[in-house]
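All remarks here apply to the structure that follows.
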Amino acid sequence: MTMEPRSDFLREMTWRGFIHQCTDEAALDGKMAARPIAAYIGFDCTADSLHVGSLVPIMMLRWLQKCGHKPIVLMGGGTTKVGDPSGRDESRGFLDDAQIANNMAGIKRVFAQFLTFGEGSSDAVMVDNAGWLDKLNYVEFLRDYGRHFSVNRMLSFDSVKLRLEREQSLTFIEFNYMVLQAYDFLELNRRHDCLLQMGGSDQWGNIVNGVELARRTERTTLFGLTAPLITTASGAKMGKTAAGAVWLNEDRVSPYEYWQYWRNTEDGDVGRFLRLFTDLPQDEIARLENLKDAGINDAKKILADEATKMCHGEAAAKAAAETARETFEQGRLGADLPSIEVERARLAEGISAYELFRMAGLTASNGEARRLIKGGGARINDVAIRDDSQKVGLADISDVGAIKLSAGKKRHALIRVQNL
């Protein structure tokens, strides 16, 4: 689309950098300018929390609602049993019904922070595709819908080609995933008058299948819209740190650690991330994008505040910011620093420094902890250490009742003693 979109949603999405591909952007823009529509994004239940890598689709649903349209959050209770091959080199492990239910419960908690659910015209709804997929008669499904899919075309999709080119196994059940996702779109159109499916660019083939299935079976025009897959300025995958994924549920990653993740954004990403991951108005983002030198750090703090407030609430964002201020600007132990408790008896025996860094979550493995220490990036109570086998024990407890571990200048954790 060369002209500025007429609809508030596509205009906002374009300015913020969310749009990668669209099946018929001009026609979709006309519909969204004329009346509110329903749109959906699907989330499979492969873990008990989503992570930062899922924020782009979540923010797309959030902006959809802010612009007066109806978001549909589709939980993949059915498709999780199959496994989406998109963007993967190997098959997903199979989960049983209890694991899927547990994961779904954890994921649902995330959306309450980003969307308003209810019965209103623009209120979000959450549905589970197991409601229709579990009831399908396989032979009837193949007869009624399988005949509309070309294997030749399916083999051309990037998610399939990647696996075949690398000679990685692609199971028959995974090959069926794109058929089931297409059917999901058709069912949501029937049940909720859903006209638009959104997702990451790796979902383009699956989304187009749904658009074409509706056209062939019911002569209905549906639309697909994808966002670019986000990497950092240095080329790293979004949402990954040395300690692992940055999860959205606070029982997996604390609000302070979440705040710190955004505070550590690379300089070249600040403006882009303010557009993608905050609700700040365009003029304020434009002002922050123009800050130079030390001002970039102020923009990073605002990014961290806004992102944390959205995910964990205003109180948690303020507490995280205050902990960071105490830790970095005043040299004190912030109250909300990530911490673990260790039994007194074990500390009395002494624990190797490398093991303690791994236990505190500052590194993903003992080997990584050893490399951190030998490279001079580790400190205990603000004192650099070089011996990875150095024992840490009760004598290292500071006068505030904890041992402070630091990985580099920006990542810290506290070791507290049980029943101290």
Side-chain angles (χ1 to χ4, degrees), residues 12-18 51-53 55-56 58-60 62-63 66 113-114 227-228 230-243 246-248 250 253-338 362 377 379 382 404 406-414:
E12 196 73 45
M13 290 292 94
T14 300
W15 184 85
R16 290 180 179 269
F18 281 96
H51 52 72
V52 163
L55 272 181
V56 166
I58 292 173
M59 289 300 295
M60 293 173 82
R62 181 176 174 89
W63 277 109
K66 288 169 71 69
Q113 300 293 328
F114 290 88
I230 305 300
T231 57
T232 65
S234 62
K237 190 173 181 179
M238 183 74 186
K240 294 289 186 180
T241 69
V246 181
W247 300 98
L248 302 184
E250 63 180 276
V253 168
S254 72
Y256 171 78
E257 293 171 290
Y258 191 78
W259 188 95
Q260 198 62 44
Y261 169 78
W262 295 105
R263 172 63 181 82
N264 292 339
T265 294
E266 298 176 39
D267 291 359
D269 287 327
V270 175
R272 186 165 59 114
F273 286 3
L274 283 166
R275 292 175 182 233
L276 290 170
F277 303 118
T278 78
D279 286 340
L280 290 176
Q282 295 184 13
D283 56 352
E284 174 64 3
I285 292 176
R287 181 187 73 80
L288 293 170
E289 285 178 323
N290 289 323
L291 294 177
K292 305 294 183 184
D293 303 323
I296 295 177
N297 287 328
D298 293 331
K300 290 180 182 181
K301 291 177 184 177
I302 291 172
L303 169 63
D305 287 344
E306 293 296 318
T308 306
K309 179 170 62 176
M310 196 179 302
C311 188
H312 296 295
E314 188 169 1
K318 286 182 176 178
E322 178 60 19
T323 293
R325 188 181 68 82
E326 291 177 354
T327 302
F328 299 112
E329 297 177 15
Q330 298 180 357
R332 293 158 46 193
L333 296 183
D336 285 344
L337 280 178
L362 293 175
R379 285 170 292 145
D382 296 322
K404 180 183 178 184
S406 303
K409 296 180 179 180
K410 298 179 179 179
R411 299 177 57 240
H412 309 273
L414 301 180

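Remember, it's a predicted structure, so these values are computed and weren't measured experimentally.
- Proximity of Leu248 to Leu55: side-chain heavy atoms (C-beta onward) are separated by under 4.5 Å at one or more points.
- Side-chain atoms of Lys300 do not come within 3.5 Å of backbone N or O of Val270 as any donor-acceptor pair.
- Residue Asp269 comes nearest to Ala233 through the heavy atom pair OD2-N, 2.8 Å, listed as atom of the first residue, atom of the second, then distance.
- Side-chain atoms of Glu250 and Pro255, non-hydrogen and from C-beta on, do get closer than 4.5 Å to each other.
- Judged by distance alone, the side chain of Arg379 and the main-chain N or O of Lys404 form no donor-acceptor pair under 3.5 Å.
- Among residues two or more places apart in sequence or in another chain, the salt bridge (charged side-chain N to carboxylate O under 4.0 Å, His left out) test is passed with Glu306 by Lys309.
- Under the 6.0 Å cut-off for aromatic ring centres, Trp262 and Phe277 qualify, their centroids lying closer than that.
- Nearest heavy atoms, Trp63 versus Phe18: CD1-CE1, 4.4 Å.
- Here Trp15 contributes atom CH2 and Gln282 contributes atom CD; the two are 4.5 Å apart, rounded to the nearest 0.5 Å.
- To the nearest 0.5 Å, atoms CZ (Phe273) and CG (Leu303) are separated by 8.0 Å.
- Between Met13 and Met60 there is a side-chain heavy-atom pair separated by less than 4.5 Å.
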**OP:** Show your reasoning for whether side chain to side chain contact (heavy atoms under 4.5 Å, CB included) applies to Asp279 and Met59.
**Re:** CA-CA 9 Å; Asp279 286 340; Met59 289 300 295; 3.8 Å; yes
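- Note that CG of Leu274 is 5.5 Å distant from CG of Leu288, once rounded to the nearest 0.5 Å.
- For the atom pair Asp298 CG and Leu291 CG, the distance stands at 7.0 Å (nearest 0.5 Å).
- The shortest distance between side-chain heavy atoms of Val253 and Val52 does not fall below 4.5 Å.
- Without hydrogens or angle criteria, Thr232 side chain to Ala236 main chain gives a donor-acceptor distance under 3.5 Å.
- Contact annotation: the side chain of Gln260 never approaches that of His412 to less than 4.5 Å [non-hydrogen atoms, C-beta and beyond].
- By the 4.5 Å heavy-atom criterion applied to side chains, Arg16 and Ile285 are counted as neighbours.
- Scanning both residues, Trp259 and Thr308, for their nearest heavy atoms gives CA-OG1, 3.3 Å.
- In this model, no donor atom of one side chain and acceptor atom of the other lie less than 3.5 Å apart for Tyr261 and Glu257.
- In terms of heavy atoms, Ile230 sits closest to Met238 at O-CB, 3.2 Å.
- By the 4.5 Å heavy-atom criterion applied to side chains, Ile302 and Thr278 are not counted as neighbours.
- Looking at every heavy atom in both residues, Leu276 comes nearest to Gly17 through CD2-O, 4.0 Å.
- Side chain of Arg62 to main chain of Phe114: a donor-acceptor pair is present (N/O by atom type, distance under 3.5 Å, no hydrogens or angles).
- At least one side-chain heavy atom of Arg263 sits under 4.5 Å from a side-chain heavy atom of Lys301.
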